*Asks:* 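The structure's right below; bear with me while I get my questions together.
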There are 2 protein chains.
Amino acid sequence: MRDFSQDHRWLSVNTATVRKSGGEDLPLPRIVEACVERGIRAISPWRDQVQAAGITKVAKLVRDHGLKLSGYCRGGMFPATDAQGLKAAREDNRRAVDEAAQLGAACLVLVVGGLPGALQGQPAHKDIALARNQVRDGIGELLEYARTANLPLAIEPLHPMYAADRACINTLEQALDVCDELDPYRSGSLGVAVDVYHVWWDPKLEQQIRRAGRSRLLAFHVCDWLTPTTDLLNDRGMMGDGVIDIPRIRGWVEAQGFAGFSEVEIFSTGNWWQRPHAEVLDTCIARHRTAV
Amino acid sequence: MRDFSQDHRWLSVNTATVRKSGGEDLPLPRIVEACVERGIRAISPWRDQVQAAGITKVAKLVRDHGLKLSGYCRGGMFPATDAQGLKAAREDNRRAVDEAAQLGAACLVLVVGGLPGALQGQPAHKDIALARNQVRDGIGELLEYARTANLPLAIEPLHPMYAADRACINTLEQALDVCDELDPYRSGSLGVAVDVYHVWWDPKLEQQIRRAGRSRLLAFHVCDWLTPTTDLLNDRGMMGDGVIDIPRIRGWVEAQGFAGFSEVEIFSTGNWWQRPHAEVLDTCIARHRTAV
């Protein structure tokens with residue numbers, strides 16, 4: 001297992017973590033600048049942030065600074081109630097692949113979606129098996145396209161508390177079942193993003209990380225699970241402030257040969273998004289060394 | 001599958017559902033009275049409610065009204081940081097078995113506990129594997145005692161969002177692994193409580209219900225998953241108001257020969273606990289017929 005205690009060369013910052021600074025929106029170019037100042041070598045930006053800044057400008061910034069992109073957030077949201085909705089998702093996901101390729105991202109992270117309309121509080125139906133079939137079909141189709149762009153797709157199993165509205169792939173085992181079905185020969189074009197927040201509770205986690213192996217482990221995300229957790233979406237903790245044994249999980253992942261970045265992804269309405277981004281980034285660096 | 005649309009003879013009310021009426025505590029004897037008035041044939045009371053009313057009085061009330069107890073809530077909370085803590089849990093669980101037997105409950109529901117101290121916001125460690133071992137050992141020990149009282153133990157897998165603080169058994173598969181280890185010959189003394197709120201998201205749910213079979217299916221609990229869910233603990237929905245396909249899950253359970261009560265268990269700080277209990281119980285009866 002790599003020693004992270006001496007430096008932060010394997011730290012990546014998911015830009016959602018500093019999406020706000022002191023409660024105010026922080027534009028992506030300023031996030032990039034603040035990361036570069038601190039010797040952070042990689043980021044993982046969100047599409048809306050890239051769009052707001054302009055992708056050409058972001059691509060140039062990334063290139064000029066020699067930044068790596070540990071991932072691009074995000075594709076997915078496949079399920080829909082009709083052919084038009086499925087088509088819209090397909091087209092949007094192809095654009096996401098193009099953007100990720102243009103930015104030189106290591107992978108496109110897929111948050112696959114749940115019941116159509118649920119995120120807007122109006123679920124169109126209760127058939128999660130149907131949603132899961134649409135997800136599998138959608139990934140299969142996107143995979144063809146992503147291969148032509150040489151852009152790996154990383155399925156991110158989301159915590160079961162998001163099954164209805166954000167992602168109906170909820171365990172690593174389930175994600176790997178999809179990988180095995182769609183990419184049986186482990187081409188490297190399809191794998192998983194392991195985010196400790198979503199999977200730490202899983203009694204089969206070690207076993208399934210082993211099953212994934214190096215070829216399927218495309219990204220490793222960290223933050224922490226707070227007790228109590230006061231909000232289902234935006235109450236993630238800084239590494240070390242919660243109950244997740246992050247080094248143990250990283251050990252399992254690295255035992256498979258994973259040697260990529262450890263990407264910090266924190267959504268935190270009540271705490272970190274209220275603080276100055278400089279403090280947040282400095283804390284990420286410190287905790288990367290001590291708690292990851 | 002049984003037809004629930006014509007009557008509510010298979011409805012049981014978990015008394016937490018009407019623990020408050022109009023925001024005020026409602027004592028168990030009044031809950032019993034309100035259930036009996038409505039022809040509700042079964043309840044599942046909580047220990048604190050029984051204790052507040054006095055167990056002798058509750059036992060007499062239950063007997064006089066010919067009420068069934070679909071379960072008794074709850075034993076568990078096995079993990080601890082030292083021998084004294086483990087002993088305290090053991091003794092408390094034996095008392096819970098005695099109470100359940102005295103009340104004639106069909107089973108003692110086990111909410112097994114998570115990381116010691118986490119429920120109080122001060123987790124003593126991050127070793128969920130250790131907690132899980134303590135849970136298995138604790139259930140094994142309690143099982144010996146419960147057998148002498150002829151009182152089945154029902155392990156309730158809790159939603160993964162409770163893994164840290166309430167229960168580190170989080171899937172039906174995991175619960176059944178424990179059952180198979182501790183009671184390999186399916187004696188009937190150890191099984192599971194399937195609460196749709198906790199397990200609806202699980203892609204392996206149907207498969208694991210089949211694995212459980214009639215001998216392990218000791219209780220079936222219903223409520224609904226709301227979108228959005230605004231509180232991790234106390235924002236459960238009334239059947240029909242959320243995204244869970246309850247009849248489908250009940251169909252899987254009944255296909256195994258389960259023919260017991262369907263127990264409504266709703267914790268709802270913001271909604272149902274604020275309403276008069278008469279309205280809540282009448283709604284439970286109506287939804288039992290239309291949405292379960």
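The shown structure was predicted, so the numbers you read here are calculated from the model rather than taken from an experiment. Chain letters run A, B, ... following the sequence lines, proteins first and then strands; every chain starts at 1.
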*Asks:* Taking the cut-offs as 6.0 angstrom to the six-membered ring centre and 45 degrees off its axis, would you call R74(A) and W46(A) a cation-pi pair?
*Replies:* no

*Asks:* Which is it for R236(B) and D231(B) under the salt bridge (Lys or Arg N to Asp or Glu O under 4.0 Å) test, yes or no, and what are the steps along the way?
*Replies:* CA-CA 9 Å; R236(B) 298 192 187 190; D231(B) 184 278; over 6 Å; no

*Asks:* Taking all atoms of both residues into account, what is the closest heavy-atom pair of D183(B) and S189(B), and its distance?
*Replies:* OD1-OG, 4.0 Å

*Asks:* Do the side chains of D180(B) and R211(B) get close enough for a salt bridge, i.e. N-O under 4.0 angstrom?
*Replies:* yes

*Asks:* Is L232(A) close to chain B through its backbone or its side chain, or both, or neither, when contacts mean heavy atoms under 4.5 Å?
*Replies:* both

*Asks:* What part of D127(A) lies closer than 4.5 angstrom to a heavy atom of chain B: side chain, backbone, both or neither?
*Replies:* side chain

*Asks:* Among the options A164(A), P123(A), A163(A), pick out the one with the most heavy-atom pairs lying under 4.5 Å from chain B.
*Replies:* A164(A)

*Asks:* Chain A: which of R248(B), H125(B), Q120(B) shares the most heavy-atom pairs with it under 4.5 Å?
*Replies:* R248(B)

*Asks:* Report the relative orientation of the aromatic rings in F267(A) and W273(A); use parallel for angles under 30°, tilted for 30 to 60°, perpendicular for over 60°.
*Replies:* tilted

*Asks:* Find the one option among D202(B), I128(B), V243(B) whose heavy-atom pairs under 4.5 Å with chain A are most numerous.
*Replies:* V243(B)

*Asks:* Quick one: what part of I244(A) sits under 4.5 Å from any heavy atom of chain B, side chain, backbone, both or neither?
*Replies:* backbone

*Asks:* Regarding R210(A) and the six-membered ring of W252(A), is the cationic atom NZ or CZ under 6.0 Å from the ring centre and inside 45° of its axis?
*Replies:* no

*Asks:* Examine the side chains of R19(B) and N14(B) and answer whether a donor and an acceptor come within less than 3.5 Å of each other.
*Replies:* no

*Asks:* Identify whether NZ of Lys or CZ of Arg in R250(A) sits under 6.0 Å from the centre of the six-membered ring of F4(A) and within 45° of that ring's axis.
*Replies:* yes

*Asks:* E173(A) versus chain B, heavy atoms under 4.5 Å apart: side chain, backbone, both or neither?
*Replies:* side chain

*Asks:* Where do A193(B) and A154(B) come nearest, in terms of heavy atoms and distance?
*Replies:* N-CB, 4.0 Å

*Asks:* Let me know which of T269(A), T230(A), N271(A) forms a side-chain hydrogen bond (donor to acceptor under 3.5 Å, both in side chains) with D235(A).
*Replies:* T230(A)

*Asks:* Using a cut-off of under 4.5 Å on heavy-atom pairs, state which of L119(B), T229(B), T171(B) scores highest against chain A.
*Replies:* T229(B)

*Asks:* Residue by residue, scan residues 218-227 of chain B and write down, ordered by number, those that have a heavy-atom distance under 4.5 Å to chain A; if none do, write 'none'.
*Replies:* D224(B), W225(B), T227(B)

